[in-house]
> 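Below are the structure tokens for one structure; questions will follow.
Remember, it's a predicted structure, so these values are computed and weren't measured experimentally.
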Amino acid sequence: MWRQLLLPLRTRRYADSFHLEKTQKYGYKGERKGILLFFKPMGSERMEMRKRQMSVHQEAVSGTQAQQGVGNRGSNACCFCWCCCCSCSCLTVRNQDDERTRRSSNEIRGHGIPKWEDSPSPTLEDVYSWGQSFDTLMTTPAGRNAFREFLRTEFSEENMLFWMACEELKKEANKNVVEEKARLIYEDYISILSPKEVSLDSRVREVINRNMLEPSQRTFDDAQLQIYTLMHRDSYPRFMNSAVYKNLHQSLSESLAES
């Protein structure tokens, strides 16, 4: 009469002693010295076996996909690629689209805001008018150049750059270019991941996020106004007392006196 014992499975210990046969109720069974032994995987052994089974299954699936990929590679018309080395048309088209997008973005950025705006040298009257009105300062290229130079010393030039980018966006008529410029402005000045992020409150950010669903020339109007007000109230008074403004005013005064 057979004796049956249910023991924890130690695969490596018993594998060389006798043959184990897998069962449905218990994990494995084996015969030794007239005793019928049942072994059930326990704890980490069960996990180890499951990992091996999953590994075998994945290898089988990968082998099947590889065979299908080799068979379909000749058609060059697949939609999903099983590896990065196949020369299917979807990869080619996707790479071409990505390259066109990057080229377009670089071209738009390349034609963006210059480091210095072309403008005639300011006169003493011009410099004096800048001290009387912030609006006058911001409407003249020479005034913006001087103000940008000052903002650079305070590490806040991004405020002026953002304001100028919004002005350029308003002049654009092509819808595709408007959408691309809006995306670049968002990435450069609105995104919290950008080193040039401008300071905006949560309400304005929510407005921008809604507007970005359908970008237009007026997507950043609220944000532009908030940054303009910030520069007017915060940076402009310091600019008037800065060495940048005083040195410019003094040099023009001396030149006028010498002439």
> I need the minimum non-hydrogen distance between S235 and E154, along with the two atoms involved.
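So the minimum-distance heavy-atom pair works out to OG-OE1, 4.4 Å.
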> Using the rule that Ile, Leu, Val, Met, Phe, Trp and Tyr join whenever any side-chain heavy atoms are under 4.5 Å apart, tell me whether I185 and V178 fall into a single cluster.
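As far as the 4.5 Å side-chain criterion goes, V178 and I185 are connected within one cluster.
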> Please examine the side chains of E179 and E214, heavy atoms only from C-beta on, and report whether any two atoms are closer than 4.5 Å.
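Side chain of E214 against side chain of E179, heavy atoms only: no contact under 4.5 Å found.
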> Kindly indicate whether the side chain of L151, heavy atoms from C-beta on, has any atom under 4.5 Å from the side chain of F239.
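When only atoms from C-beta onward are counted, F239 and L151 do not touch, as no gap falls below 4.5 Å.
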> Do NZ/NE/NH1/NH2 and the carboxylate oxygens of K171 and E167 come within less than 4.0 Å?
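No, this pair does not count.
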> If I compare all heavy atoms of Q226 with all of L200, which pair ends up nearest, and what's the gap?
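Reported closest heavy-atom pair: OE1-CA, 3.2 Å.
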> Are there more than 12 heavy atoms of other residues, nucleotides or ligands under 6.0 Å from atom CG of N174?
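More than 12 within 6.0 Å, yes.
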> Among F134, Y228, W130, which residue meets the ring-ring contact (aromatic ring centres under 6.0 Å, His included) test with F147?
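Of all the options given, the one that passes is F134.
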> Identify the heavy atoms of D222 and R203 that sit nearest to each other, and give their distance.
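The pair with the smallest heavy-atom distance is OD2-NH1, 4.0 Å.
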> Does G131 offer a backbone N or O that forms a donor-acceptor pair with the side chain of Y236 under 3.5 Å?
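Answer holds: yes.
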> Hey, are the side chains of E158 and E197 touching, using non-hydrogen atoms and a 4.5 Å cut-off?
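E158 does not reach E197 side chain to side chain.
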> Taking atom types as modelled, find out whether Q224 and K170 have a side-chain donor-acceptor pair closer than 3.5 angstrom.
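Yes, side-chain donor-acceptor contact under 3.5 Å.
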> Is the number of heavy atoms from other residues, nucleotides or ligands within 6.0 Å of CD (Q132) greater than 12?
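It does: Q132 CD has more than 12 such atoms within range.
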> Can you name the nearest heavy-atom pair linking V127 to P122, along with the distance?
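Smallest heavy-atom distance, with atoms named: CG2-CB, 4.2 Å.
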